[in-house]
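See structure below.
When a residue number appears, it is its place in the shown sequence, counting from 1.
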Amino acid sequence: MSFAETLAPPAPAEAMEKVRAALAAKPDGVIEAVAREHGVSTLAVLEATPDDQRRFIAAERFEALWQELATWGTVLFIVHTADIVLECEGALPIGSFGHGYYNIHGDSPIGGHIKAGNCKAIYLVDRAFHGRRSCSVQFFNGAGEAMFKVFVRRDAARELLPDQVARFEALKRDFA
């Protein structure tokens with residue numbers, strides 16, 4: 001049983017066969033698009049990718065992981081829904097719990113209030129996206145949908161920043 005199946009009823013086998021075929025045909029495609037096309041959760045699609053492309057982190061590690069990500073400098077913060085892909089570059093402020101939220105405020109365009117208790121799984125994702133390596137930390141809710149994602153940034157030549165890649169690789173060792 002996959003972790004996604006512990007959150008919600010398992011996706012129909014027929015749908016998952018189509019998901020696997022879609023990923024085989026376009027291994028660097030958009031996970032959310034595949035999920036919508038086949039009527040399954042984003043997490044179900046992510047878990048259908050090869051094991052070496054994703055690493056699970058327990059949701060209980062949310063705060064410790066966030067605090068580590070806050071040391072990375074400017075990152076790319078993405079919220080991807082059916083209606084919008086919102087991208088924001090900035091440093092992740094250190095947060096604190098209060099009034100049912102993980103509150104983040106600071107000198108950054110990234111700020112607000114995260115229902116951290118809704119986070120049920122975190123994944124380190126290292127896979128190709130439109131032909132280029134992409135590294136991200138993805139936070140999932142109980143419905144198997146991404147709450148938000150934190151991506152390793154790219155330089156002017158569209159290459160991943162080496163210092164952030166090193167920190168991402170360290171997460172694989174230290175958090176998984």
Side-chain angles (χ1 to χ4, degrees), residues 1-11 19 23 30-35 40-82 85-98 100-104 106 108 110-129 133-153 160-161 163-176:
M1 176 183 294
S2 72
F3 186 79
E5 291 172 341
T6 68
L7 298 177
V19 163
L23 290 171
V30 178
I31 297 287
E32 287 84 353
V34 174
V40 300
S41 73
T42 301
L43 184 53
V45 175
L46 178 62
E47 288 189 341
T49 64
D51 290 345
D52 65 341
Q53 293 182 7
R54 59 186 154 72
R55 176 107 18 114
F56 172 79
I57 296 176
E60 293 76 23
R61 307 284 316 269
F62 179 96
E63 184 175 27
L65 181 59
W66 184 277
Q67 289 180 357
E68 173 59 31
L69 292 171
T71 70
W72 286 24
T74 302
V75 294
L76 180 60
F77 187 87
I78 294 181
V79 176
H80 187 160
T81 72
V85 178
L86 179 64
E87 300 178 5
C88 183
E89 286 189 4
L92 297 181
I94 294 289
S96 62
F97 285 100
Y101 289 89
Y102 189 69
N103 302 293
I104 52 173
S108 173
I110 301 169
H113 315 278
I114 301 168
K115 270 285 200 192
N118 287 357
C119 181
K120 301 301 180 194
I122 305 167
Y123 279 81
L124 305 176
V125 180
D126 188 343
R127 62 186 295 270
F129 180 69
R133 182 182 184 195
S134 178
C135 301
S136 62
V137 182
Q138 301 187 17
F139 297 76
F140 287 88
N141 63 25
E145 296 306 326
M147 297 170 67
F148 58 89
K149 305 173 185 184
V150 177
F151 279 81
V152 169
R153 281 191 43 247
L160 294 173
L161 298 179
D163 64 312
Q164 288 188 358
V165 170
R167 289 170 178 257
F168 181 81
E169 294 295 336
L171 289 180
K172 289 180 181 178
R173 180 187 67 242
D174 299 341
F175 278 86

State which residues pass salt bridge (Lys or Arg N to Asp or Glu O under 4.0 Å) with Glu89; sequence neighbours excluded, sorted by chain then number. Arg153

Taking all non-hydrogen atoms of both residues, which atom of Ser41 and which atom of Gly144 are closest, and how far apart? CB-O, 3.6 Å

Report the residues that fulfil salt bridge (Lys or Arg N to Asp or Glu O under 4.0 Å) with Asp51, sequence neighbours left out, ordered by chain and then residue number. Arg54

Of all residues at least two apart in sequence or in a different chain, which pass the side chain to side chain donor-acceptor pair (under 3.5 Å) check with Gln164? none

Could you walk me through whether Arg127 and Asp52 pass the salt bridge (charged side-chain N to carboxylate O under 4.0 Å, His left out) test, one step at a time? CA-CA 9 Å; Arg127 62 186 295 270; Asp52 65 341; over 6 Å; no

CG of Leu43 to CG of Asn141, rounded to nearest 0.5 Å, is 9.0 Å

Taking only residues two or more places apart in sequence, or in another chain, which ones meet Asn103 in a side chain to side chain donor-acceptor pair (under 3.5 Å)? His113

Just to verify, what does Phe139 make a ring pair (Phe, Tyr, Trp, His ring centres under 6.0 Å) with, not counting sequence neighbours? Phe62, Phe148

Residue set satisfying side chain to side chain donor-acceptor pair (under 3.5 Å) with Ser136, at least two apart, ordered chain then number -> Gln138

When rounded to the nearest 0.5 angstrom, what is the spacing between CG in Leu124 and CD in Glu169? 9.5 Å

Less than 4.5 Å apart, side chain to side chain, heavy atoms only: is that true for Val137 and Ile122? yes

Kindly give the heavy-atom pair with the smallest separation between Leu46 and Thr49, and that separation in Å. O-OG1, 2.5 Å

Any residue meeting side-chain contact (heavy atoms from CB on, under 4.5 Å) with Ala33, in chain and number order, not counting sequence neighbours: Val30, Arg36

Non-neighbouring partners of Glu32 that pass salt bridge (Lys or Arg N to Asp or Glu O under 4.0 Å), sequence neighbours left out: Lys149

Without placing hydrogens or testing angles, list every side-chain donor-acceptor pair under 3.5 Å for residues 64-77, not counting sequence neighbours.
unit_1 : atom_1 : unit_2 : atom_2 : d
Trp66  : NE1    : Pro93  : O      : 2.7
Thr71  : OG1    : Glu68  : O      : 2.6
Thr71  : OG1    : Arg167 : NH1    : 2.8

Where Leu160 and Cys135 come nearest, the two heavy atoms and their spacing: CD1-SG, 4.0 Å

Side chain proximity check, Ile114 to Tyr101, heavy atoms < 4.5 angstrom: no

I'd like to check Ile78 versus Leu86 (side-chain heavy atoms, cut-off strictly below 4.5 Å). Are they in contact? no

For residues Cys88 and Ile110, report the shortest heavy-atom separation together with the two atoms involved. SG-CG1, 3.7 Å

Interatomic distance, CD@Glu63 vs CD1@Ile94, rounded to 0.5 Å, equals 8.5 Å

Name all residues meeting the ring pair (Phe, Tyr, Trp, His ring centres under 6.0 Å) criterion together with Phe97; count only those two or more places apart in sequence or in a different chain, and write none if there are none. Tyr102

Would you please test Tyr123 and Ile57 for side-chain contact (heavy atoms from CB on, under 4.5 Å) and show each step? CA-CA 6 Å; Tyr123 279 81; Ile57 296 176; over 6 Å; no

Side-chain touch Val165/Arg133, heavy atoms, less than 4.5 angstrom: yes

Taking side chain to side chain contact (heavy atoms under 4.5 Å, CB included) as the criterion, tell me which of Ile31, Thr42, Val85 meets it with His80. Val85

Is it possible for you to check whether Lys120 lies under 6.0 Å from the centre of the six-membered ring of Phe140, through NZ or CZ, and within 45° of that ring's axis? no

